[in-house]
Structures are given as C-alpha cells and as structure tokens.
Amino acid sequence: MARGIEIHEAHFPGRAPIDTYGNGGFRFADMSHRGSLLCLPSGIHGWDVTSPQEMAVETFERVLAEADGIEVLLVGTGLDLSLLPRPLKDALKERGIVADPMNTGAAVRTYNILLEESRAVAAALIAV
C-alpha cells in the first residue's frame with residue numbers, strides 16, 4: 001500500500017565542504033538544502049535558526065553535545081556580522097570551543113579551508 005510523503009530531519013552523515021550558498025540555502029556533497037545548517041563532526045544537520053536574534057544556548061544544544069570534537073566554531077550570522085549573546089559565548093567557552101562569528105559567506109569560506117586542513121572545525125550557518 002502506498003504511503004504518504006515522509007518528512008525526515010535533514011541530515012548528511014559526513015563532513016563535506018560547502019560548494020555554494022545563497023538563495024536561502026546551501027549546496028554540498030551533490031545535494032542542496034534550503035535553510036540554515038549546522039556542520040558538525042557527526043555530519044551536516046538542518047538548523048531552524050533564521051536570524052541572529054534566535055541564537056541562544058538552546059539553539060546550540062547539538063553543538064554543545066559534540067563539543068569533544070570541536071575546537072573552533074564558525075558562526076555565520078547572515079549577511080552582516082552579529083555578536084554572540086554572552087550566555088552562549090560562555091557556554092561554548094566552558095566546553096572548550098572557540099566561537100568566531102562572521103557573516104555567512106566568510107564563515108563558509110573559512111570552514112572549507114579549515115576542513116581541508118583536517119582541523120576540528122564546526123560551523124553554524126544562517127542561510128542568506
């Protein structure tokens with residue numbers, strides 16, 4: 001019997017460079033994703049954050065859970081640079097993660113370079 005459309009959480013189970021970004025999404029590993037992304041040691045995950053104002057400890061729980069595999073977290077804050085809220089910055093620092101906010105384009109480019117160097121890098125990228 002035919003079933004209806006099944007919607008699964010967006011997840012790519014590996015590390016991959018971001019090929020392109022813009023138009024509200026990203027392309028990587030011969031796939032495309034509409035919306036924001038978390039690029040973590042466990043893979044690339046869809047992320048519900050759409051603006052810097054939504055960045056909080058709660059929206060970074062997945063990042064904090066994988067802190068052992070992350071030294072640097074690049075935070076793409078959209079078209080413009082936005083600073084991280086102090087509670088979030090403190091929570092990341094407590095787990096040994098250096099957070100570096102920048103616009104999303106700069107975060108994608110830096111992520112790709114550090115990934116190529118096999119560094120312990122992760123990225124939280126707000127779609128532009």
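For the atom pair CG of L84 and NZ of K93, the computed distance is 13.0 Å after rounding to the nearest 0.5 Å. The CG atom of D19 lies 9.5 Å from the CZ atom of F28; values are rounded to the nearest 0.5 Å. Note that the CG atom of L40 and the NE2 atom of H45 stand 5.0 Å from one another [nearest 0.5 Å]. Expressed to the nearest 0.5 Å, how far CG of N103 lies from CG of D80 amounts to 7.5 Å.
Using modelled atom types, one side-chain atom of S36 and one backbone atom of A127 make a donor-acceptor pair closer than 3.5 Å.
Taking all atoms of both residues into account, the shortest heavy-atom contact from L81 to T77 is CA-OG1, 3.4 Å. E58 and E61 get closest at one heavy-atom pair: O-CG, 3.3 Å. In terms of heavy atoms, R34 sits closest to N23 at NH1-O, 2.6 Å. Between E66 and P41, the shortest heavy-atom contact is OE1-CD, 3.2 Å. Nearest heavy-atom pair across V108 and F26 is CG2-CE2, 4.1 Å. The two residues A120 and G69 come nearest to each other via the heavy atoms CB-O, 3.6 Å.
Side chains of Y21 and R109: a donor on one and an acceptor on the other come within 3.5 Å.
Under the 4.5 Å side-chain heavy-atom criterion for grouping Ile, Leu, Val, Met, Phe, Trp and Tyr, V72 is not connected to V75 through any hydrophobic cluster. L73 and I113 fall into different hydrophobic clusters, where Ile, Leu, Val, Met, Phe, Trp and Tyr side chains are chained together by heavy-atom contacts under 4.5 Å. The hydrophobic cluster containing L114 also contains L37, counting ILVMFWY residues as joined when their side-chain heavy atoms lie under 4.5 angstrom apart, directly or transitively. V63 and W47 fall within the same hydrophobic cluster, defined by Ile, Leu, Val, Met, Phe, Trp and Tyr side-chain heavy atoms under 4.5 Å apart, directly or through other members. Two different hydrophobic clusters hold V98 and V121 under the rule that ILVMFWY side chains link at heavy-atom gaps under 4.5 Å.
Looking at heavy atoms from C-beta onward, V57 lies out of side-chain contact with L92 at the 4.5 angstrom threshold. Two residues are said to be in side-chain contact when any heavy atoms from C-beta on lie closer than 4.5 Å; N112 and I18 meet this criterion.
Counted within 6.0 Å of CD on E117, heavy atoms from surrounding residues, nucleotides or ligands total more than 12; the atom is thus considered enclosed. The environment of D90 atom CG is dense: over 12 non-hydrogen atoms of other residues, nucleotides or ligands sit within 6.0 angstrom. More than 12 heavy atoms of other shown residues, nucleotides or ligands fall within 6.0 angstrom of atom CD in E54.
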Review point. What's the verdict on side-chain contact (heavy atoms from CB on, under 4.5 Å) for M55 and L88, showing C-alpha distance, side-chain angles and the deciding distance?
Key: CA-CA 8 Å; M55 294 188 305; L88 173 58; 4.3 Å; yes
Exercise for the section: Check the pair T110, M102 against side-chain contact (heavy atoms from CB on, under 4.5 Å), reporting the backbone distance first and the verdict last. Expected result: CA-CA 10 Å; T110 306; M102 56 190 74; 3.9 Å; yes
Show your working on side-chain contact (heavy atoms from CB on, under 4.5 Å) between S51 and I126 and close with a plain yes or no. CA-CA 7 Å; S51 74; I126 295 176; 5.6 Å; no
Working note: Y111 + L125, criterion side-chain contact (heavy atoms from CB on, under 4.5 Å); need CA distance, chi angles, decisive distance, verdict. CA-CA 10 Å; Y111 173 76; L125 306 169; 5.6 Å; no
